[in-house]
Amino acid sequence: MPPPPAPVVTLVVTLLSLCPPGRCPPAPTQPHAIRLEGDLTLGGLFPVHARGPAGVPCGPVKKEKGIHRLEAMLYALDRVNGDPRVLPNLTLGARILDTCSRDTYALEQALSFVRSLLPPEGGEGSCPDGSAPRRPPPERLVGVIGASASSVSIMVANVLRLFAIPQISYASTAPELSDPGRYEFFSRVVPPDSYQAQAMVAVVRALGWSYVSTLASEGNYGESGVEAFVQSSREAGLYWLYWDILGILGIPGYTGLYWLYWFILGYTGIYWVILAHWPLRATTVRAALRPPVQSSCKASLYWLYWGYWVILVYIGLYWVILGYTGTLASEGNYSKSGIKAFIQGSCEAGGLCIAQSIKIPREPKPGEFAKVIGRLMETSTARGVVLFANEDDIRRVLQAATLANLSGHFSWVGSDSWGAKMAPVQGLEEAADGAITILPKRASVPGFDEYFTSRSLENNRRNLWFHEFWEDDFNCRLPHNTEPQGDGTGGAAVRKCTGRERIGRDSPYEQEGKVQFVIDAVLAMAHGLHSLLGEACPGGGLCAHMDPPDGRRLLTHIRRVAFNGSAGTPVSFNENGDAPGRYDIFQFQGGNGTGAYRAVGQWVQGLHLQEDAMAWGSNSSSPPPSVCSLPCGPGERKKPVKGVPCCWHCELCGGYQYRADLLTCLPCAPHLRPTPNRTACRPTPVLRLSWGHPCAAVPLALATLGLMATAFVLATFVKHHETPIVKASGRELSYVLLAGIALVYAITFLMVAEPGVGVCALRRLFLGAGMSLTYAALLTKTNRIYRIFEQGKRSVTPPRFISPTSQLVITFTLSGLQWVAAATWLLIRPPHALIDYEMGRTPDPEAARGVLRCDMAEGATLACLAYALLLMLTCTVYAVKARGVPETFNEAKPIGFAMYTTCVVWLAFGPIFFGAAQSAERVHVQTATLTVSMSLSASVPLGLLYAPKVYVILLHPERNQPKRPRADPPP
C-alpha cells in the first residue's frame, strides 16, 4: 500500500492530537477490540453496544445486530482460513472494533486502523548506541468489513479513502454511498436504498395507489438522506403539499436566506471571474461583455463567466419552479436516504404523488405520535403510508393509530427496517394487518446456526464481549461481574451463570437477518485478495508486491469478484460497488392478537407480486384505495388541482361536448352529438316530416277539404254560369278568386312534401302566389265597389276601369309582381335542400335532430308572404271604407267581414310561428302553423263570399231568377 500524501498525514495526526482524553482509542492493543493474528488483517466495525446515555459512549450490548454479526465475521474467517482453495499458505487475521451505534465514536475507533500507517509522532528516534530502534512490523491492514449504520460508514469511508483501504459494508444502504467520487473505496454486499425504493414504488403502483404519505424516523437511518431526497424530488418535478424538511417551513427568514444565498453565490462568481483574474479597471467589466479576440486567457475567462451565469440562472429557475417540495424525514442516512430513493423511484415510474412527508423526531415528546396520526388524517384519502422508520418508531406509530381508533384505515408499506420482524407489531396486529414490508433477499446460513449454538464461555474467549451477551441472553450474572445484583427495582436477585447454559436450548435463538451479508462481505474480501495475490505473487504467499498491499489494485479485484455466497445467492458488485437489488416482499396477515408474515412476491430488476396470496381483511378482497381523487366517471374530465398533479375535480362535459381525453372536453361536429356516456360522438338522426305526422295530417286534412269545397263551388258556378247570382258576383273575378283559393290550399301539399330541389323551387313560386292572387282579386273587387259609389256621389259618370276586362288586368298585374319577385329569387339563388342541425339543436343532446328543410329560413318564408299580406291589409282598408255602401251591394260587407277575420288569423299566426319552442319539432310546428293559417285565410272568403251564393243557387233557386220588368201603372 503506498504511503499517504503528506497533507493527509498531517490531517490525521491533527485529528488524533485533538481527541479529548478518554475518548481516543488507545493504541494497538486496546481492550475494546478483538485482535486475531494473521498474515493479512481485516478490520471489522460492528454495533456491539447500543448508543449510551449523555456523556457515556456505549450502552447495553446488542445481541442480534452486534454479537450475531460479529460472530458471523469470525465464522467467515474460520471458513476462509480452513479452505485451501482460498489464500493458500496465508492466514487472515482481524481487528474488530465496537462502534457503539454512534458515528462519532466509530470514527474515533476507526482511526486506530490507520495508526500503524503513520510515522511516529517524535520521528524514528535512535537508541543510546546511536542505532535505529527496532520496531515490530506494521500491521498489514488490507480492508475493513463494515459498518452497519450508513452514518457510520460515511464517516469511516472518508478516512479510509485517504489511505486507499477498501471497505465492504454488510448493512449500509444509503444511496449517497454509491457516489464513486466521494466513496470510491466503499463497496457493499447489500443493495442500496435506491433499489429498495424502486421496489417500494413498484409495490405502491401495483396496489393501484397514486397518492401516499411518507413517514421517517430521525436518526441514524437517514441523517444525510433528506437533502438528497429533496434534490431528487426537485429534479423529478414532484409537487408536495407540505414542506417540513428539518423544520424549514418554520424558519421565519427562509425567504431572506434564499435570496442571500443567491446573492453570495452570484457575487462570488463575479468576483472570482472578473475581479480576481483581471486588473480592476473601468474597462474590465465592459470587456467581459464582448468576446476577446487576442488574449486566449481572457477569452477563456469570458466564456467561463457567461457559462457560469447560464448555469446559475438554470439552477435558480429549477429551484424556483420545481423547488416547492416538502418532506419530513429522519436525520439519518437510512430514513432520509430511503425516502429520497423512494421518491426518485416514484419519479421514474411516474404518476405518484406525495400527500405528506413527516419526520419523527429523534426524541419525541409525549403526544408526538398522536400528532403524526393527526397530520396523516389531514389527507385522509392518502391511506397508503410509506415508512422508513426504526422498530421503536414503527411500533409507536401503530400504537397511536390504535388509540385513535384508526386500525385498518392506513395501509403501511415498510422498508427493510421493518422487514419481517415481530417486535414492532406484537400486540398491535390489527393496526398492522395488511402491511407490506420489504427485505433484501436473503437466506439462512445453516453452518452458522451450528457454529453459533455451539459457542460457550470456554470455547469463545476470542470474543471479548461474549460474556456480556451470555449474561443478557440467559438473564444471569457471571461470577466476575461486580455490578450489584437485582433488577434495580427491589426485585429478586438475578441468578448466577453456571457456564453450562446452551444457546438455542436455554434461550431462544433465531439467526439475525444480516448474518448472510456479513459472511459474504468477508468472502468477497477474501476472493479479491486471492485474485490479487495470484496476479501480484504468482509463486504463492506474500511477496514484495504485497508488502504493503496496494489498496487500489485490491479494490479493482474486489469489484470483479463473482461467486455464490454463503447462502448460495450470487455475490457481485457494479461499477459503484453496489450489490444488485434483490428483495422479498412480505405482507403481515393477522388480527385478533395473532398474525404472521407471508411472502407475497419478490423484486429482482422488476416486481413479481402474487396478488392472490395477499389478504386485505374480511370485508375486502382488494387493497384499499389511496388516491387523492376518485377516477372520473364516463363523460367527465379531470380538472387538476394546481400544484398537486394527482388531485383533480371531475367536471361533466356539458352540452354537445365529449371527453376527448382525461383532461379535455371537445365539442362534437355540427352533424354529430355525444354518446350517452360522452366518450365519443355519433351521427345526429335526421328528422323528416312524414305524411302521417300530426303536424302534417291536420293541415293536409284541412287543405283537402278546402280543395274539395273549392271544386264544388267552382262546379256550381260553372253550371249556373248564366244565373243572376253568378253574374252579379262578377264571374271573371269570382273564377280568379277561386283559383287563388285553390292555390292556397294546394301549397300545403308542397310544404309537407320531402324537400328537394324541385319541391323547394315550387315552394318559392307558389307559397305567396295563391294568397297574392286571392287578395289581388278581393282588392280589385273592393276597390271597384268603393270607386263606383264614391264617383256616384259626385257625378253620374261611371268611374274608369270597372269593366270585367279591366278588373282582370288589374288583378293579374297585382299578383304578377309576386311571380316576378319569386322568379328573380330563383335565378339569383337557386334553391336546394339541406339538413339543418342547428335548428334541431336542443339543450338535451339526446333530443337533438337534424331537420331536412329547404334553404328558406323564417325570414325568407315571411318574405314570400310579405307582398300578399300587404295586399290583404290594403284590401282591409278598402273594406273599411266601403262599409257604408247600400245593402243591395251585398258583397261589400261580406268582403269586409272576411278581411277582418283574415287579419285576426294572421295576427294569431305570428306568436305561434315565432314562439315555437326550440326543439327538433320546431320546424314541423312552424310548418303546421303556416299551412293551417293559410288554409284558414282561404276558407274565410270561401265561406263568407261563396257559401251564401251556393246556398241560394242550390236550395233556393227561386231567388236566382231574373226579375220581370215592372209594368207602368195606368194613367
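It should be emphasised that the depicted structure is a prediction, and the values quoted were computed from it without experimental measurement. Hydrogens, waters and symmetry mates are skipped; everything else that's a heavy atom, side chains included, is used.
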Asker: Are the side chains of V518 and Y75 in contact, using a 4.5 Å heavy-atom criterion?
Answerer: no
Asker: Could you tell me if the side chain of S172 sits less than 4.5 Å from the side chain of F186, heavy atoms only?
Answerer: yes
Asker: Between Q516 and A443 (side chain of the first, backbone of the second, donor and acceptor by atom type, cut-off under 3.5 Å), is there such a pair?
Answerer: yes
Asker: Has H530 got a side-chain atom pairing as donor or acceptor with A526's backbone, closer than 3.5 angstrom?
Answerer: no
Asker: Please enumerate all residues that pass side-chain hydrogen bond (donor to acceptor under 3.5 Å, both in side chains) together with E71, with sequence neighbours excluded.
Answerer: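 If we apply the side-chain hydrogen bond (donor to acceptor under 3.5 Å, both in side chains) test to E71, skipping adjacent residues, the hits are Y451, N460, N463.
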Asker: Looking at T41, V159, L45, which one forms a side-chain contact (heavy atoms from CB on, under 4.5 Å) with F113?
Answerer: L45
Asker: Show the nearest heavy-atom pair for residues L97 and A33, with the distance to one decimal.
Answerer: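 Nearest heavy atoms, L97 then A33: CD2-CB, 3.3 Å.
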Asker: Return yes if some donor-acceptor pair links the side-chain N/O of R102 with the main-chain N/O of G52 below 3.5 Å, else return no.
Answerer: yes
Asker: List the atom of P549, the atom of V142, and the distance in Å for their closest heavy-atom pair.
Answerer: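 So the minimum-distance heavy-atom pair works out to CG-CG1, 3.3 Å.
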Asker: With a 3.5 Å cut-off and no angle check, do the side chains of T173 and D193 form a donor-acceptor pair?
Answerer: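 Checked: T173/D193 side chains pair up, N/O donor to acceptor below 3.5 Å.
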Asker: How far apart are the C-alpha atoms of R582 and Q602, what are their side-chain angles, what is the distance that settles it, and do they pass the side chain to side chain contact (heavy atoms under 4.5 Å, CB included) test?
Answerer: CA-CA 7 Å; R582 294 186 292 266; Q602 61 180 348; over 6 Å; no
Asker: Looking only at the side chains, is there a donor atom on one of T569 and R442 sitting less than 3.5 Å from an acceptor on the other?
Answerer: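 No, because no side-chain N or O of T569 sits under 3.5 Å from a partner of the opposite role on R442.
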Asker: Hey, does the side chain of D520 reach the backbone of S566 with a donor-acceptor pair shorter than 3.5 angstrom?
Answerer: yes
Asker: Nearest 0.5 Å, what's the CG-CG distance between L92 and L87?
Answerer: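 Spacing of CG (L92) from CG (L87) equals 5.0 Å.
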Asker: How long is the gap from CG on N158 to CG on L107, to the nearest 0.5 Å?
Answerer: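 It comes to 9.0 Å.
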Asker: Using the rule given for side chain to side chain contact (heavy atoms under 4.5 Å, CB included), can you reason through I154 versus Y183, listing the C-alpha separation, both sets of side-chain angles and the distance that settles it, and then say yes or no?
Answerer: CA-CA 8 Å; I154 288 173; Y183 309 103; 3.4 Å; yes
Asker: Heavy-atom distance under 4.5 Å between the side chains of D39 and L542, does that happen here?
Answerer: yes
Asker: The test is side chain to side chain contact (heavy atoms under 4.5 Å, CB included); show your working for F388 and Q196 and say whether it passes.
Answerer: CA-CA 11 Å; F388 285 89; Q196 178 178 210; 4.1 Å; yes
Asker: Provide the closest heavy-atom pair for R188 versus F573 in the form atom of the first, atom of the second, distance.
Answerer: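 For R188 and F573, the tightest heavy-atom pair comes out as O-CE2, 3.1 Å.
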Asker: In Å, rounded to the nearest 0.5 Å, how long is the span from CG of L554 to CG of D550?
Answerer: 8.5 Å
Asker: Looking only at non-hydrogen atoms, find the nearest pair between K62 and S101 and report the distance.
Answerer: NZ-OG, 3.4 Å
Asker: Would you confirm whether N574, through its side chain, and N576, through its main-chain N or O, come within 3.5 Å as a donor-acceptor pair?
Answerer: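 Yes, N574 side chain to N576 backbone: donor-acceptor pair under 3.5 Å.
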Asker: Would the distance check show the side chain of E391 and the main-chain N or O of S417 forming a donor-acceptor pair, the cut-off being under 3.5 Å?
Answerer: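 Not confirmed, E391 side chain does not pair with S417 backbone.
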Asker: Do the non-hydrogen side-chain atoms of W465 and I34 ever get within less than 4.5 Å of each other?
Answerer: yes
Asker: With the side chain counted from C-beta on, respond yes when R559 and E575 share a heavy-atom pair under 4.5 Å apart, and no when they do not.
Answerer: no
Asker: Go through L36 and L74 one step at a time and tell me if the side chain to side chain contact (heavy atoms under 4.5 Å, CB included) criterion holds.
Answerer: CA-CA 9 Å; L36 300 180; L74 298 177; 3.5 Å; yes
Asker: Do any N or O atoms from the side chain of S148 and from the backbone of F46 form a donor-acceptor pair under 3.5 angstrom?
Answerer: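 The answer is no, because no donor-acceptor pair under 3.5 Å joins these two groups.
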Asker: So does V385 get a backbone contact from the side chain of S213, meaning a donor-acceptor N/O pair under 3.5 Å?
Answerer: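 Checked: no pair found.
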Asker: Ignoring hydrogens, what is the shortest heavy-atom contact between M200 and L387? Give both atom names and the distance.
Answerer: CE-O, 4.2 Å
Asker: Considering residues at least two apart in sequence or located in another chain, which fulfil the side-chain hydrogen bond (donor to acceptor under 3.5 Å, both in side chains) criterion with R182?
Answerer: none
Asker: For residues L162 and V114, determine if any side-chain heavy atom of one lies less than 4.5 Å from a side-chain heavy atom of the other.
Answerer: no
Asker: Could you measure the distance from the CG atom of L70 to the CD1 atom of I145? Nearest 0.5 Å is fine.
Answerer: 12.0 Å
Asker: State, with a plain yes or no, whether a side-chain heavy atom of V212 is found less than 4.5 Å away from one of V413.
Answerer: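 They are not in side-chain contact.
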Asker: Ignoring hydrogens and angles, tell me if any N or O in the side chain of T214 forms a donor-acceptor pair with the backbone of V386 under 3.5 Å.
Answerer: no
Asker: Starting at OG of S187, measure out to CZ of F185 and round the result to the nearest 0.5 Å.
Answerer: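 The OG atom of S187 sits 10.0 Å away from the CZ atom of F185.
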Asker: In sequence, state the C-alpha distance, the side-chain angles, and the governing distance for E184 and R552, and then conclude on salt bridge (charged side-chain N to carboxylate O under 4.0 Å, His left out).
Answerer: CA-CA 10 Å; E184 58 179 317; R552 292 191 176 275; 3.2 Å; yes
Asker: If you look at every heavy atom in A94 and M73, which pair is closest and at what distance?
Answerer: CB-CE, 4.3 Å
Asker: Working to the nearest 0.5 angstrom, can you tell me the gap between I168 CD1 and M525 CE?
Answerer: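 Result: 4.0 Å between the selected atoms.
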Asker: Quick one: does S112's side chain have a donor or acceptor within less than 3.5 Å of a partner on Q109's backbone?
Answerer: yes
Asker: Are L177 and P192 close enough that some pair of their side-chain heavy atoms sits under 4.5 Å apart?
Answerer: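 Not in contact.
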